Amino acid sequence: MKFQKICVLGLGYIGLPTASTFATHGIQVLGVDVNPQILTILKNGGLHIHEPGLRTLVEAALKSGKLTISDKPEPADAFLIAVPTPFYSDRSGEYNDEPYKLADMRAVTSATEAIVPYLQKGNLVVLESTSPPRTTIDLVQPILERSGLKAGRDFHLAYSPERVLPGQILRELIENARVIGGVTPESAQAGADLYSAFVKGDIIQTDATTAEMVKLMENTYRDVNIAIANEFSRLAERFGVNVWEAIALANRHPRVKILSPGPGVGGHCISVDPWFFVEAAPDLTPLIYTARKVNDEQPHYVMTLVQKALGSLKGKRIAALGLAYKPDVDDLRESPAAEAVHLLLDAGASVRAYEPFKVEGLPGIPMAVSLSEALQGADAILLLVRHTQFTKMKAEEVAGMTPARVIVDTVNAWDGGAWAEAGFRVFQLGSGKAQAGRAVSNRREA
Ligand code: SAJ
(Lines give C-alpha, C1' and ligand atoms only; values in the text may rest on other atoms or scores of the structure.)
Protein backbone atom coordinates (compact mmCIF):
# COMPACT_ATOMS: atom_id res chain seq x y z
CA MET A 1 0.00 0.00 0.00
CA LYS A 2 1.26 3.52 -0.82
CA PHE A 3 0.86 6.47 1.53
CA GLN A 4 0.90 10.05 0.33
CA LYS A 5 -0.70 11.77 3.27
CA ILE A 6 -1.03 10.74 6.89
CA CYS A 7 -2.54 12.32 9.95
CA VAL A 8 -0.86 11.95 13.37
CA LEU A 9 -3.11 12.58 16.36
CA GLY A 10 -1.20 13.66 19.46
CA LEU A 11 2.01 15.72 19.22
CA GLY A 12 3.72 14.62 22.42
CA TYR A 13 6.88 12.63 23.12
CA ILE A 14 5.92 9.98 20.55
CA GLY A 15 3.59 11.73 18.10
CA LEU A 16 5.81 14.72 17.33
CA PRO A 17 9.00 12.75 16.58
CA THR A 18 6.97 10.22 14.56
CA ALA A 19 5.15 12.90 12.54
CA SER A 20 8.40 14.76 11.87
CA THR A 21 10.26 11.60 10.86
CA PHE A 22 7.54 10.61 8.36
CA ALA A 23 7.65 14.18 6.99
CA THR A 24 11.41 14.16 6.54
CA HIS A 25 11.01 10.84 4.68
CA GLY A 26 8.81 12.43 2.03
CA ILE A 27 5.29 11.78 3.33
CA GLN A 28 2.83 14.67 3.71
CA VAL A 29 1.92 14.77 7.41
CA LEU A 30 -0.78 16.64 9.27
CA GLY A 31 0.04 16.76 12.97
CA VAL A 32 -3.04 17.21 15.15
CA ASP A 33 -3.24 18.19 18.79
CA VAL A 34 -6.18 19.34 20.90
CA ASN A 35 -3.97 21.47 23.15
CA PRO A 36 -3.94 25.02 21.69
CA GLN A 37 -0.81 25.91 23.69
CA ILE A 38 1.19 23.15 22.00
CA LEU A 39 0.00 24.29 18.56
CA THR A 40 0.97 27.91 19.29
CA ILE A 41 4.41 26.92 20.55
CA LEU A 42 5.07 24.76 17.48
CA LYS A 43 3.74 27.39 15.06
CA ASN A 44 6.09 29.95 16.63
CA GLY A 45 9.08 27.70 16.09
CA GLY A 46 9.24 26.52 19.72
CA LEU A 47 9.17 23.06 21.25
CA HIS A 48 7.18 21.94 24.30
CA ILE A 49 9.34 18.90 25.04
CA HIS A 50 13.05 18.29 25.45
CA GLU A 51 14.54 15.49 23.39
CA PRO A 52 18.04 15.54 21.88
CA GLY A 53 17.92 16.36 18.17
CA LEU A 54 14.16 16.97 18.08
CA ARG A 55 14.37 20.71 17.50
CA THR A 56 16.40 20.29 14.31
CA LEU A 57 14.14 17.51 13.07
CA VAL A 58 10.90 19.46 13.67
CA GLU A 59 12.37 22.58 12.08
CA ALA A 60 13.37 20.60 8.97
CA ALA A 61 9.94 18.97 8.75
CA LEU A 62 8.07 22.28 9.07
CA LYS A 63 10.39 24.14 6.71
CA SER A 64 10.00 21.52 3.98
CA GLY A 65 6.22 22.03 4.09
CA LYS A 66 5.78 18.28 4.54
CA LEU A 67 4.64 18.76 8.16
CA THR A 68 1.71 21.03 8.90
CA ILE A 69 -0.20 21.26 12.16
CA SER A 70 -3.83 21.71 13.07
CA ASP A 71 -6.38 21.19 15.83
CA LYS A 72 -8.41 18.70 13.80
CA PRO A 73 -7.83 15.89 11.31
CA GLU A 74 -8.35 15.97 7.55
CA PRO A 75 -8.93 13.16 5.07
CA ALA A 76 -5.72 11.10 4.72
CA ASP A 77 -4.46 7.67 3.67
CA ALA A 78 -3.56 6.73 7.24
CA PHE A 79 -4.31 7.94 10.77
CA LEU A 80 -1.93 7.35 13.67
CA ILE A 81 -3.12 7.72 17.24
CA ALA A 82 -0.31 8.65 19.64
CA VAL A 83 -2.13 10.22 22.59
CA PRO A 84 -1.39 9.64 26.30
CA THR A 85 -2.94 6.81 28.32
CA PRO A 86 -2.29 7.77 31.94
CA PHE A 87 -4.24 6.39 34.86
CA TYR A 88 -6.94 8.12 36.84
CA SER A 89 -5.65 9.97 39.89
CA ASP A 90 -9.10 10.12 41.53
CA ARG A 91 -10.47 6.63 40.82
CA SER A 92 -9.17 3.15 41.54
CA GLY A 93 -10.25 -0.47 41.41
CA GLU A 94 -10.00 -2.98 44.24
CA TYR A 95 -9.22 -6.68 44.38
CA ASN A 96 -8.93 -8.62 47.67
CA ASP A 97 -8.88 -5.28 49.55
CA GLU A 98 -5.89 -4.12 47.51
CA PRO A 99 -6.44 -0.94 45.44
CA TYR A 100 -5.20 -0.86 41.86
CA LYS A 101 -4.95 1.97 39.34
CA LEU A 102 -7.32 2.40 36.41
CA ALA A 103 -6.31 3.38 32.87
CA ASP A 104 -7.71 6.68 31.65
CA MET A 105 -8.57 5.96 28.02
CA ARG A 106 -10.42 9.20 27.36
CA ALA A 107 -7.74 10.63 25.06
CA VAL A 108 -7.73 7.45 22.91
CA THR A 109 -11.52 7.51 22.78
CA SER A 110 -11.73 11.14 21.69
CA ALA A 111 -8.87 10.88 19.17
CA THR A 112 -10.61 7.85 17.62
CA GLU A 113 -13.91 9.72 17.53
CA ALA A 114 -12.18 12.65 15.82
CA ILE A 115 -11.12 10.34 12.97
CA VAL A 116 -14.61 8.95 12.26
CA PRO A 117 -15.88 11.85 10.06
CA TYR A 118 -12.78 11.59 7.85
CA LEU A 119 -12.44 7.81 7.58
CA GLN A 120 -12.64 6.48 4.02
CA LYS A 121 -12.56 3.09 2.34
CA GLY A 122 -9.00 1.78 2.03
CA ASN A 123 -7.60 3.90 4.91
CA LEU A 124 -5.30 2.57 7.60
CA VAL A 125 -5.70 3.44 11.29
CA VAL A 126 -2.88 2.61 13.71
CA LEU A 127 -3.07 2.91 17.48
CA GLU A 128 0.35 3.54 19.02
CA SER A 129 -0.68 4.55 22.55
CA THR A 130 0.18 1.97 25.19
CA SER A 131 -3.15 0.40 26.09
CA PRO A 132 -4.73 -2.44 28.07
CA PRO A 133 -5.04 -5.74 26.19
CA ARG A 134 -7.87 -5.79 23.59
CA THR A 135 -8.18 -1.98 23.36
CA THR A 136 -7.81 -2.02 19.55
CA ILE A 137 -10.61 -4.50 19.01
CA ASP A 138 -12.86 -3.66 21.97
CA LEU A 139 -12.57 0.15 22.13
CA VAL A 140 -11.09 1.59 18.92
CA GLN A 141 -12.72 -0.69 16.34
CA PRO A 142 -16.37 -0.16 17.45
CA ILE A 143 -15.87 3.63 17.48
CA LEU A 144 -14.37 3.64 13.96
CA GLU A 145 -17.17 1.38 12.71
CA ARG A 146 -19.68 4.13 13.60
CA SER A 147 -18.57 5.48 10.20
CA GLY A 148 -20.49 2.62 8.58
CA LEU A 149 -17.21 1.06 7.41
CA LYS A 150 -16.02 -2.32 8.68
CA ALA A 151 -12.50 -2.86 10.08
CA GLY A 152 -10.53 -5.46 8.13
CA ARG A 153 -12.96 -5.28 5.20
CA ASP A 154 -13.32 -1.57 4.34
CA PHE A 155 -10.36 -0.12 6.22
CA HIS A 156 -7.23 -1.48 7.87
CA LEU A 157 -6.75 -1.31 11.62
CA ALA A 158 -3.55 -2.12 13.51
CA TYR A 159 -1.79 -1.67 16.83
CA SER A 160 1.90 -0.79 16.79
CA PRO A 161 3.65 -0.24 20.09
CA GLU A 162 6.27 2.45 20.44
CA ARG A 163 9.42 1.20 22.17
CA VAL A 164 11.72 4.19 21.99
CA LEU A 165 13.71 5.21 25.02
CA PRO A 166 13.28 8.86 26.08
CA GLY A 167 16.63 10.54 25.46
CA GLN A 168 17.28 8.25 22.45
CA ILE A 169 13.95 8.63 20.67
CA LEU A 170 15.12 9.79 17.23
CA ARG A 171 17.66 7.01 16.80
CA GLU A 172 15.50 4.24 18.27
CA LEU A 173 12.46 5.26 16.21
CA ILE A 174 14.38 4.34 13.09
CA GLU A 175 16.60 1.52 14.32
CA ASN A 176 14.37 -0.46 16.72
CA ALA A 177 12.47 -3.53 15.59
CA ARG A 178 8.80 -2.67 15.16
CA VAL A 179 5.86 -4.95 15.94
CA ILE A 180 2.67 -4.38 13.95
CA GLY A 181 -0.47 -6.21 14.99
CA GLY A 182 -3.38 -6.10 12.56
CA VAL A 183 -7.03 -6.98 13.07
CA THR A 184 -6.41 -8.98 9.88
CA PRO A 185 -3.14 -10.03 8.21
CA GLU A 186 -3.87 -7.44 5.49
CA SER A 187 -4.10 -4.71 8.14
CA ALA A 188 -0.74 -5.77 9.58
CA GLN A 189 0.74 -5.68 6.08
CA ALA A 190 -0.66 -2.18 5.49
CA GLY A 191 0.95 -1.06 8.78
CA ALA A 192 4.26 -2.64 7.76
CA ASP A 193 4.08 -0.81 4.42
CA LEU A 194 3.59 2.49 6.21
CA TYR A 195 6.41 2.18 8.75
CA SER A 196 8.84 0.86 6.14
CA ALA A 197 9.02 4.52 5.03
CA PHE A 198 11.67 5.03 7.72
CA VAL A 199 12.09 1.99 10.01
CA LYS A 200 15.44 0.27 9.49
CA GLY A 201 14.91 -2.40 12.17
CA ASP A 202 12.87 -5.54 11.48
CA ILE A 203 9.13 -5.04 11.06
CA ILE A 204 7.33 -8.03 12.50
CA GLN A 205 3.67 -8.69 11.83
CA THR A 206 1.21 -10.25 14.26
CA ASP A 207 -2.34 -9.72 15.52
CA ALA A 208 -3.45 -6.58 17.37
CA THR A 209 -3.90 -8.06 20.85
CA THR A 210 -0.53 -9.83 20.76
CA ALA A 211 1.11 -6.52 19.83
CA GLU A 212 -0.63 -4.80 22.76
CA MET A 213 0.48 -7.52 25.13
CA VAL A 214 4.09 -7.44 23.85
CA LYS A 215 4.36 -3.78 24.78
CA LEU A 216 2.95 -4.30 28.26
CA MET A 217 5.14 -7.35 28.82
CA GLU A 218 8.31 -5.43 27.96
CA ASN A 219 7.70 -2.67 30.46
CA THR A 220 6.32 -5.01 33.12
CA TYR A 221 9.38 -7.22 32.79
CA ARG A 222 11.58 -4.19 33.46
CA ASP A 223 9.45 -3.02 36.39
CA VAL A 224 9.58 -6.41 38.09
CA ASN A 225 13.34 -6.59 37.57
CA ILE A 226 13.90 -3.13 39.02
CA ALA A 227 11.69 -4.10 41.98
CA ILE A 228 13.95 -7.02 42.81
CA ALA A 229 16.99 -4.71 42.59
CA ASN A 230 15.26 -2.31 44.98
CA GLU A 231 14.43 -5.15 47.36
CA PHE A 232 18.07 -6.26 47.21
CA SER A 233 19.09 -2.71 48.19
CA ARG A 234 17.07 -2.97 51.40
CA LEU A 235 18.43 -6.44 52.16
CA ALA A 236 22.01 -5.28 51.56
CA GLU A 237 21.63 -2.39 53.95
CA ARG A 238 20.29 -4.71 56.65
CA PHE A 239 23.13 -7.20 56.22
CA GLY A 240 25.97 -4.68 56.09
CA VAL A 241 26.62 -5.22 52.40
CA ASN A 242 27.03 -2.74 49.54
CA VAL A 243 24.35 -3.71 47.02
CA TRP A 244 26.18 -2.11 44.09
CA GLU A 245 29.24 -4.22 44.72
CA ALA A 246 27.08 -7.33 45.23
CA ILE A 247 25.15 -6.71 42.00
CA ALA A 248 28.34 -6.16 40.02
CA LEU A 249 29.64 -9.49 41.32
CA ALA A 250 26.35 -11.36 40.71
CA ASN A 251 26.26 -9.97 37.18
CA ARG A 252 29.53 -11.76 36.45
CA HIS A 253 27.36 -14.90 36.29
CA PRO A 254 26.69 -15.58 32.59
CA ARG A 255 22.92 -15.79 33.04
CA VAL A 256 22.32 -13.04 35.62
CA LYS A 257 21.66 -9.39 34.76
CA ILE A 258 20.36 -7.53 37.79
CA LEU A 259 19.25 -3.95 37.13
CA SER A 260 20.05 -0.95 39.31
CA PRO A 261 18.23 0.03 42.49
CA GLY A 262 17.43 3.70 42.96
CA PRO A 263 14.85 6.11 44.37
CA GLY A 264 12.04 4.30 42.54
CA VAL A 265 10.52 3.89 39.10
CA GLY A 266 9.06 6.87 37.30
CA GLY A 267 8.07 8.16 33.91
CA HIS A 268 4.88 7.65 31.99
CA CYS A 269 5.60 4.09 30.86
CA ILE A 270 7.15 1.63 33.27
CA SER A 271 5.38 2.97 36.35
CA VAL A 272 2.05 2.98 34.50
CA ASP A 273 1.88 0.06 32.08
CA PRO A 274 1.97 -2.85 34.58
CA TRP A 275 -1.26 -1.48 36.05
CA PHE A 276 -2.95 -2.15 32.71
CA PHE A 277 -2.37 -5.87 33.29
CA VAL A 278 -3.49 -5.64 36.91
CA GLU A 279 -6.67 -3.82 35.93
CA ALA A 280 -7.40 -6.28 33.13
CA ALA A 281 -6.79 -9.39 35.28
CA PRO A 282 -6.30 -8.67 39.01
CA ASP A 283 -6.73 -12.36 39.83
CA LEU A 284 -3.72 -13.30 37.69
CA THR A 285 -1.21 -10.60 38.61
CA PRO A 286 0.00 -10.87 42.25
CA LEU A 287 3.68 -10.64 41.24
CA ILE A 288 3.16 -7.63 38.95
CA TYR A 289 1.11 -5.92 41.65
CA THR A 290 3.72 -6.50 44.34
CA ALA A 291 6.55 -5.26 42.12
CA ARG A 292 4.63 -2.03 41.52
CA LYS A 293 4.18 -1.63 45.26
CA VAL A 294 7.87 -2.25 46.00
CA ASN A 295 8.92 0.37 43.44
CA ASP A 296 6.32 2.87 44.63
CA GLU A 297 7.60 2.50 48.21
CA GLN A 298 11.17 3.29 47.25
CA PRO A 299 10.88 7.10 47.71
CA HIS A 300 9.81 6.37 51.27
CA TYR A 301 12.92 4.28 51.70
CA VAL A 302 14.95 7.27 50.48
CA MET A 303 13.28 9.43 53.11
CA THR A 304 14.21 7.00 55.90
CA LEU A 305 17.79 6.98 54.62
CA VAL A 306 17.99 10.77 54.83
CA GLN A 307 16.46 10.60 58.29
CA LYS A 308 19.14 8.12 59.32
CA ALA A 309 21.84 10.40 57.89
CA LEU A 310 20.60 13.52 59.67
CA GLY A 311 19.16 12.07 62.87
CA SER A 312 15.98 14.06 62.53
CA LEU A 313 14.43 15.81 59.54
CA LYS A 314 12.66 18.68 61.29
CA GLY A 315 14.07 22.02 60.10
CA LYS A 316 17.04 20.36 58.37
CA ARG A 317 18.09 22.02 55.13
CA ILE A 318 18.47 19.57 52.30
CA ALA A 319 19.82 20.31 48.82
CA ALA A 320 17.98 17.83 46.57
CA LEU A 321 19.76 17.32 43.27
CA GLY A 322 17.55 16.20 40.40
CA LEU A 323 13.79 15.90 40.03
CA ALA A 324 13.55 14.20 36.62
CA TYR A 325 12.33 10.61 36.47
CA LYS A 326 15.70 9.47 35.07
CA PRO A 327 19.09 10.82 33.98
CA ASP A 328 19.52 13.57 31.39
CA VAL A 329 15.85 14.10 30.54
CA ASP A 330 13.53 17.00 31.45
CA ASP A 331 10.54 14.77 32.15
CA LEU A 332 9.25 15.07 35.72
CA ARG A 333 6.16 12.90 35.25
CA GLU A 334 5.65 10.24 37.92
CA SER A 335 9.12 11.08 39.18
CA PRO A 336 10.22 9.16 42.28
CA ALA A 337 12.73 11.95 42.99
CA ALA A 338 9.90 14.47 43.26
CA GLU A 339 7.96 12.03 45.45
CA ALA A 340 10.95 11.67 47.81
CA VAL A 341 11.18 15.48 48.07
CA HIS A 342 7.48 15.75 48.89
CA LEU A 343 7.89 13.14 51.65
CA LEU A 344 10.85 15.06 53.11
CA LEU A 345 8.88 18.31 53.05
CA ASP A 346 5.92 16.59 54.73
CA ALA A 347 8.30 15.32 57.42
CA GLY A 348 9.33 18.90 58.24
CA ALA A 349 12.60 19.18 56.31
CA SER A 350 13.41 22.39 54.48
CA VAL A 351 14.27 21.25 50.97
CA ARG A 352 15.72 23.26 48.11
CA ALA A 353 15.71 21.29 44.86
CA TYR A 354 17.72 21.88 41.71
CA GLU A 355 16.77 20.34 38.37
CA PRO A 356 19.08 21.49 35.56
CA PHE A 357 16.76 20.22 32.80
CA LYS A 358 13.67 22.00 34.20
CA VAL A 359 14.76 24.82 36.48
CA GLU A 360 11.16 25.83 37.23
CA GLY A 361 10.63 22.39 38.78
CA LEU A 362 7.23 21.39 40.09
CA PRO A 363 4.51 23.17 42.06
CA GLY A 364 4.92 22.69 45.80
CA ILE A 365 8.69 22.11 45.64
CA PRO A 366 10.96 25.05 46.56
CA MET A 367 13.44 25.35 43.71
CA ALA A 368 16.94 26.77 43.34
CA VAL A 369 17.94 28.25 39.99
CA SER A 370 21.50 26.96 40.19
CA LEU A 371 23.56 24.27 41.86
CA SER A 372 25.35 26.79 44.05
CA GLU A 373 22.05 28.29 45.22
CA ALA A 374 20.78 24.81 46.14
CA LEU A 375 23.94 24.07 48.11
CA GLN A 376 23.96 27.33 50.07
CA GLY A 377 23.23 26.82 53.76
CA ALA A 378 22.47 23.10 53.32
CA ASP A 379 22.87 20.48 56.06
CA ALA A 380 22.89 17.60 53.59
CA ILE A 381 23.13 16.95 49.86
CA LEU A 382 20.69 14.40 48.51
CA LEU A 383 21.46 13.08 45.04
CA LEU A 384 18.30 11.76 43.39
CA VAL A 385 19.06 11.60 39.65
CA ARG A 386 22.21 10.48 37.88
CA HIS A 387 22.35 13.50 35.53
CA THR A 388 25.77 13.65 33.85
CA GLN A 389 26.29 17.12 35.30
CA PHE A 390 25.93 15.71 38.83
CA THR A 391 28.14 12.67 38.29
CA LYS A 392 30.97 15.06 37.38
CA MET A 393 30.77 17.01 40.64
CA LYS A 394 34.05 16.97 42.53
CA ALA A 395 33.85 16.40 46.28
CA GLU A 396 36.56 18.94 47.08
CA GLU A 397 34.93 21.70 45.02
CA VAL A 398 31.55 21.01 46.58
CA ALA A 399 33.09 21.15 50.06
CA GLY A 400 34.01 24.78 49.30
CA MET A 401 30.49 25.64 48.10
CA THR A 402 28.40 24.47 51.05
CA PRO A 403 28.44 24.00 54.80
CA ALA A 404 26.84 20.55 54.28
CA ARG A 405 29.04 17.66 55.37
CA VAL A 406 26.57 14.85 54.72
CA ILE A 407 25.78 13.32 51.34
CA VAL A 408 23.06 10.83 50.53
CA ASP A 409 23.65 9.21 47.15
CA THR A 410 20.62 7.21 45.96
CA VAL A 411 21.98 6.37 42.51
CA ASN A 412 25.58 5.26 43.07
CA ALA A 413 26.97 8.23 41.13
CA TRP A 414 29.69 9.35 43.50
CA ASP A 415 32.81 7.65 44.73
CA GLY A 416 32.05 7.44 48.45
CA GLY A 417 35.73 7.16 49.37
CA ALA A 418 36.59 10.45 47.61
CA TRP A 419 33.70 12.28 49.29
CA ALA A 420 34.68 10.86 52.65
CA GLU A 421 38.25 12.05 52.05
CA ALA A 422 36.87 15.53 51.34
CA GLY A 423 35.20 15.58 54.75
CA PHE A 424 31.69 14.30 54.04
CA ARG A 425 29.78 11.63 55.88
CA VAL A 426 28.61 9.37 53.08
CA PHE A 427 25.30 7.54 52.95
CA GLN A 428 24.51 5.44 49.93
CA LEU A 429 21.21 3.80 49.06
CA GLY A 430 21.64 0.06 49.40
CA SER A 431 24.81 0.15 51.39
CA GLY A 432 25.20 -1.09 54.92
CA LYS A 433 28.98 -0.75 54.64
CA ALA A 434 30.83 2.15 56.23
CA GLN A 435 32.70 4.32 53.73
CA ALA A 436 36.47 4.34 53.91
CA GLY A 437 38.14 7.73 54.36
CA ARG A 438 39.76 9.70 57.11
CA ALA A 439 37.10 12.31 57.62
CA VAL A 440 34.42 9.70 58.17
CA SER A 441 36.35 7.78 60.79
CA ASN A 442 37.27 11.02 62.56
CA ARG A 443 33.68 12.04 62.74
CA ARG A 444 32.54 8.66 63.94
CA GLU A 445 35.10 8.68 66.75
CA ALA A 446 34.07 12.18 67.76
N1 SAJ B 1 15.28 2.56 36.54
C2 SAJ B 1 15.84 2.02 37.69
N3 SAJ B 1 16.78 1.05 37.58
C4 SAJ B 1 17.21 0.60 36.36
C5 SAJ B 1 16.65 1.14 35.18
C6 SAJ B 1 15.68 2.12 35.31
O7 SAJ B 1 15.46 2.39 38.82
O8 SAJ B 1 18.10 -0.25 36.34
C9 SAJ B 1 14.25 3.59 36.65
C10 SAJ B 1 14.60 4.90 35.96
O11 SAJ B 1 15.38 5.73 36.78
C12 SAJ B 1 13.23 5.45 35.69
C13 SAJ B 1 12.39 4.20 35.39
O14 SAJ B 1 13.10 3.12 35.95
O15 SAJ B 1 12.68 6.11 36.83
C16 SAJ B 1 12.14 3.94 33.92
O17 SAJ B 1 13.27 4.25 33.15
P18 SAJ B 1 13.75 3.37 31.91
O19 SAJ B 1 14.94 4.02 31.33
O20 SAJ B 1 13.89 1.95 32.32
O21 SAJ B 1 12.52 3.39 30.90
P22 SAJ B 1 11.60 4.54 30.27
O23 SAJ B 1 10.35 4.62 31.06
O24 SAJ B 1 12.34 5.80 30.02
O25 SAJ B 1 11.30 3.86 28.83
C26 SAJ B 1 10.70 2.58 28.82
C27 SAJ B 1 11.51 1.68 27.87
N28 SAJ B 1 11.07 0.30 28.02
C29 SAJ B 1 11.94 -0.70 28.26
O30 SAJ B 1 13.12 -0.52 28.40
C31 SAJ B 1 11.36 -2.07 28.35
C32 SAJ B 1 11.32 2.16 26.44
O33 SAJ B 1 11.94 1.26 25.53
C34 SAJ B 1 9.83 2.27 26.13
O35 SAJ B 1 9.62 2.75 24.79
C36 SAJ B 1 9.22 3.26 27.08
O37 SAJ B 1 9.37 2.74 28.41
C38 SAJ B 1 7.75 3.42 26.74
O39 SAJ B 1 7.41 4.42 26.08
O40 SAJ B 1 6.96 2.54 27.07
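Note that ligands are numbered from 1 as they come in the structure, with each ligand's atoms numbered from 1 the same way. Here the structure is a predicted model, which means the values were calculated and not measured.
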Worksheet entry | Nearest protein heavy atom with distance in Å, relative to atom 31 (C) of ligand 1 | N219 OD1, 3.2 Å
Worksheet entry | Charged N-O contact under 4.0 Å between R163 and E172 | no
Worksheet entry | Close-contact set for ligand 1 against R163 heavy atoms, below 4.0 Å | 32 (C), 33 (O), 34 (C), 35 (O)
Discussion item. Angle between ring planes, Y195 versus F22, binned at 30° and 60°: parallel, tilted or perpendicular?
Written reply: tilted
Discussion item. With a cutoff of 4.0 Å, is S260 in contact with ligand 1, counting heavy atoms of the residue only?
Written reply: yes
Worksheet item: Is the backbone N or O of R134 less than 3.5 Å from a side-chain atom of T136, with the two atoms forming a donor-acceptor pair by type?
Response: no
Worksheet item: So, does P263 sit close enough to ligand 1 that a heavy atom of it is under 4.0 Å from the ligand?
Response: no
Discussion item. Within a 6.0 Å radius of atom OH on Y221, are there more than 12 heavy atoms belonging to other residues, nucleotides or ligands?
Written reply: no
Worksheet item: For ligand 1, which atoms have a heavy atom of P166 less than 4.0 angstrom away?
Response: 24 (O), 25 (O)
Item to complete: Could you find the nearest protein heavy atom to atom 15 (O) of ligand 1 and give me its residue, atom name and distance?
Response: Y325 O, 2.7 Å
Discussion item. Suppose we measure from atom 21 (O) of ligand 1 to each protein heavy atom; which comes out shortest, and what is that distance?
Written reply: I270 CD1, 3.4 Å
Discussion item. Salt bridge or not between K308 and E237? Use side-chain N to carboxylate O under 4.0 Å.
Written reply: yes
Practice prompt. Output yes when K215 and E162 qualify as a salt bridge under the 4.0 Å nitrogen-oxygen rule, no when they do not.
Written response: no
Practice prompt. Considering the heavy atoms of E218, write down every atom of ligand 1 situated less than 4.0 Å from one of them.
Written response: 31 (C)
Worksheet item: Which protein heavy atom lies closest to atom 5 (C) of ligand 1, and at what distance to 0.1 Å?
Response: R222 NH2, 3.4 Å
Worksheet entry | ligand 1 atoms in contact with E162 (distance to a heavy atom under 4.0 Å) | 35 (O)
Worksheet item: What atoms of ligand 1 come within less than 4.0 Å of a heavy atom belonging to C269?
Response: 23 (O), 36 (C), 37 (O), 38 (C), 39 (O), 40 (O)
Fill in: Taking atom 27 (C) of ligand 1 as the reference point, the nearest protein heavy atom with its distance
L165 CD1, 3.7 Å
Discussion item. If you measure every N or O of G266 against every N or O of ligand 1, does any of those distances drop under 3.5 Å?
Written reply: yes
Worksheet, complete the sentence: If we number the atoms of ligand 1 from 1 as shown, the ones under 4.0 Å from a heavy atom of G264 are 7 (O), 15 (O)
Practice prompt. State whether the shortest distance between N or O atoms of K215 and N or O atoms of ligand 1 falls below 3.5 angstrom.
Written response: yes
Fill in: Minimum-distance protein heavy atom relative to atom 19 (O) of ligand 1
K326 NZ, 3.0 Å
Worksheet entry | Parallel, tilted or perpendicular: rings of H268 and Y325 (30°, 60°) | perpendicular
Worksheet item: For the rings on Y289 and W275, is their centre-to-centre separation under 6.0 Å?
Response: yes
Item to complete: May I ask you to check whether D207 and T210 show a side-chain donor-acceptor distance below 3.5 Å?
Response: yes
Worksheet entry | Part of I226 within contact of ligand 1 (heavy atoms, under 4.0 Å) | side chain
Worksheet item: Under 3.5 Å, is there a donor-acceptor pair between the S160 and R178 side chains?
Response: yes
Worksheet item: Is V164 in contact with ligand 1, taking contact as a heavy-atom separation below 4.0 Å?
Response: yes
Worksheet item: Do the numbers put R91 on top of the ring of Y88, so that NZ or CZ is under 6.0 Å from the six-membered ring centre and no more than 45° off the axis?
Response: yes
